[in-house]
Each structure stands twice: as C-alpha cells, then as structure tokens.
Protein chains: 2
Amino acid sequence: MNESDVFRALSDPTRRAVFDRLLSGGKNATELREGLEISQPAVSQHIAVLRGAGLISEERAGRHTNYSVNPDGLKPLFDWLARYRAFWPDRVERLKTLLKEMDQ
Amino acid sequence: MNESDVFRALSDPTRRAVFDRLLSGGKNATELREGLEISQPAVSQHIAVLRGAGLISEERAGRHTNYSVNPDGLKPLFDWLARYRAFWPDRVERLKTLLKEMDQ
DNA sequence: GCAATAGATAAGTGTATGCTTATCTGAAAT
DNA sequence: ATTTCAGATAAGCATACACTTATCTATTGC
C-alpha cells in the first residue's frame with residue numbers, strides 16, 4: 001500500500017524471486033515454491049507480505065489459489081522514483097526502447 | 001551495491017527522508033538531521049546504510065562531511081524495474097514528460 | 001464419511017534492525 | 001595546547017524478520 005511496505009517487501013531476495021515468477025503469468029503457491037529450498041509455510045508467509053504490500057492479488061479457485069501480479073502494486077515505487085528522474089540511467093536509450101515497444 | 005541493499009536501505013522512512021533531502025543538493029550530517037527527532041548517532045548510522053547501498057557518496061571538507069546523491073546509486077532499482085515495464089503507469093504521459101524535459 | 005491435498009495460521013528461535021547513551025577521532029578556533 | 005565542534009563507533013536493548021515444525025481449515029475425490 002505505502003512506499004515502506006513495497007520497499008520492504010521487495011528487499012528480500014526470496015520474495016523478489018516469488019514475485020518475478022509471477023511475471024510469466026499467475027501461479028498457485030505450490031508452483032511458486034518450486035525450486036526454492038524453503039518450507040511451505042515460509043512461501044505462504046512471503047505471499048502474505050507481498051499481498052500486504054499490494055504487490056500481488058489472489059483468486060481462490062477450488063482448493064487452489066491463483067496469485068498474480070497486481071498491476072498497480074508497483075505504483076508507489078514508480079511515484080517515488082519519478083522524483084529522481086534526474087538520476088535515471090540511459091535516458092535516451094530507455095526512451096528508444098519505450099518507443100520501439102509502443103510501436104508494436 | 002545490489003538490489004537487496006538498495007531496497008532495504010529505502011524501506012526505512014527516516015532513511016528516505018534523509019535521501020530525499022539530498023535532492024536539493026549536498027548537505028552535511030547536521031543539516032540532514034534537521035527536523036528529524038532522532039539522535040546524532042542514529043543519523044550517522046542511517047548515512048552509513050545509504051552509503052553501503054551505494055546511494056550516497058561523501059566528501060570530507062575540513063571537519064564537515066558533505067553528502068550527496070550518488071547518480072548511479074538507483075541503477076539497481078531501475079534495472080530491476082525495467083523488467084516490469086509492462087506495469088509502468090501512465091506510459092504515454094510519462095513519455096511526454098520525458099520528451100518535454102529533454103527538449104529543455 | 002474419510003483420506004488426501006492446498007494453503008494458512010500458531011508458536012518458537014536465531015539474527016537483523018533501529019534506536020539510545022556513552023565514548024572516541026579528528027579538525028578548527030582561540 | 002586546549003576547548004569545541006562534526007561525525008563515527010561501541011555497547012546495549014526492544015522489536016521486527018525469516019525461518020522452522022506442528023497444526024488447523026477448507027476443498028476434492030473416493
């Protein structure tokens with residue numbers, strides 16, 4: 001919800017790995033756990049933190065729960081970063097990338 | 001230096017306030033402390049965390065030390081966020097702003 | 001109904017974090 | 001030289017975090 005929650009949620013590498021995994025589409029908790037050498041409750045707790053920060057949303061489907069990236073979740077981060085636009089790297093390159101992407 | 005350090009450093013509101021204060025130019029530790037109801041060592045410790053994350057750099061000047069934003073410090077954050085470009089808000093508006101800014 | 005499965009919650013543990021007061025280092029000024 | 005000021009470091013403390021094992025809830029399938 002707020003900046004602190006988002007920054008804190010993303011400060012943990014395992015949590016970033018979980019979040020990253022959702023980039024390729026929604027997944028359930030078991031799928032999110034794959035490859036991570038961590039207990040089931042630990043994943044569940046990480047998911048709770050990400051949800052609490054507004055970064056992911058969930059949809060119950062039977063006995064599975066499907067988690068997906070909340071499109072607005074990163075907004076606090078973008079908003080905060082916008083004030084540091086002066087320090088954005090490779091502005092021109094980034095702009096080109098954006099333009100190219102938008103043409104598609 | 002790495003993503004975790006940057007996210008963690010910025011997860012603390014006091015530390016963001018200190019960092020924000022540097023946006024309007026370099027400052028020494030006493031100036032950074034102004035308005036914060038916090039002890040001098042606490043500020044010193046926050047500065048150490050920000051420096052450790054590569055977010056600020058320092059320049060000793062007599063018995064003062066001038067701290068300033070490290071222009072490359074936010075790069076890990078930008079790089080990480082670049083992968084989530086699909087979720088960037090107001091892409092067109094942001095692009096316009098960038099263009100306007102670059103024309104100046 | 002009953003066993004199996006997905007996931008959350010409880011309780012406990014070691015470590016990290018943010019803060020404090022007290023002290024140290026080093027440069028400035030008199 | 002000695003006091004003064006900027007800032008770092010030391011030590012201690014309370015709380016937060018990330019993790020574990022054990023247990024609970026809810027849904028599915030037989």
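Residue numbers begin at 1 in each chain, while the letters A, B, ... track the order of the sequences.
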Looking only at side-chain N and O atoms, does A:Arg15 come under 4.0 Å of OP1 or OP2 in D:dA18? yes
Kindly write out the residues that satisfy side chain to side chain donor-acceptor pair (under 3.5 Å) with B:Asn28, not counting sequence neighbours, or none if the list is empty. B:His64
Ignoring backbone atoms, test whether B:Arg63 places a side-chain nitrogen or oxygen under 4.0 Å from the OP1 or OP2 oxygen of D:dG7. no
Kindly say whether B:Leu55 contributes a backbone atom to a donor-acceptor pair with the side chain of B:Asn70 at under 3.5 angstrom? no
Could you check how far CZ of B:Arg8 sits from P of D:dA18, rounded to whole Å? 11 Å
If you pin B:Ile47 and A:Pro41 to their nearest nucleotides in DNA chain D, which one's is more 5'? B:Ile47
Cut-off 3.5 Å, side chains only: do B:Ser4 and A:Arg16 have a donor facing an acceptor? yes
Check each residue of residues 18-32 of chain B for a non-hydrogen atom within less than 4.0 Å of any atom in DNA chain D, then write out the ones that pass by number, or none. B:Asn28, B:Ala29, B:Thr30
Ignoring hydrogens, what is the shortest heavy-atom contact between A:Ala9 and A:Leu50? Give both atom names and the distance. CB-CD2, 4.3 Å
Looking only at side-chain N and O atoms, does B:Ser11 come under 4.0 Å of OP1 or OP2 in D:dC17? no
Just the rounded figure in Å: distance from P of C:dG18 to CZ of B:Arg16. 11 Å
For residues B:Thr30 and B:Lys27, is any side-chain donor paired with an opposing acceptor at under 3.5 Å? no
Between A:Glu37 and B:Tyr67, who's closer to the 5' end of DNA chain D by nearest nucleotide? B:Tyr67
Taking for each residue the nucleotide of DNA chain C bearing the nearest heavy atom, is the 5' side occupied by A:His64 or by A:Gln45? A:His64
Presence of B:Ser39 side-chain N/O under 4.0 Å of C:dC19 phosphate oxygens OP1/OP2: no
Excluding sequence neighbours, so at least two apart, what forms side chain to side chain donor-acceptor pair (under 3.5 Å) with A:Glu59? none
Quick one: is B:Ser44 getting a side-chain N or O under 4.0 Å of the D:dG7 phosphate, OP1 or OP2? no
In whole angstroms, the gap separating C1' of C:dA8 from CZ of A:Arg60 amounts to 9 Å
Counting any heavy atom closer than 4.0 Å, what does A:Arg33 reach on the DNA or RNA strands: base, sugar-phosphate only, or nothing? nothing
Looking at every strand, decide which applies to B:Thr65 at a 4.0 Å heavy-atom threshold: base, sugar-phosphate, or nothing. sugar-phosphate
What is the nucleic acid contact for A:Ile38, judged by heavy atoms within less than 4.0 Å: base, sugar-phosphate only, or nothing? sugar-phosphate
Taking NZ, NE, NH1 and NH2 as the nitrogens, is one of them in A:Asp20 or B:Arg83 under 4.0 Å from a carboxylate oxygen of the other? yes
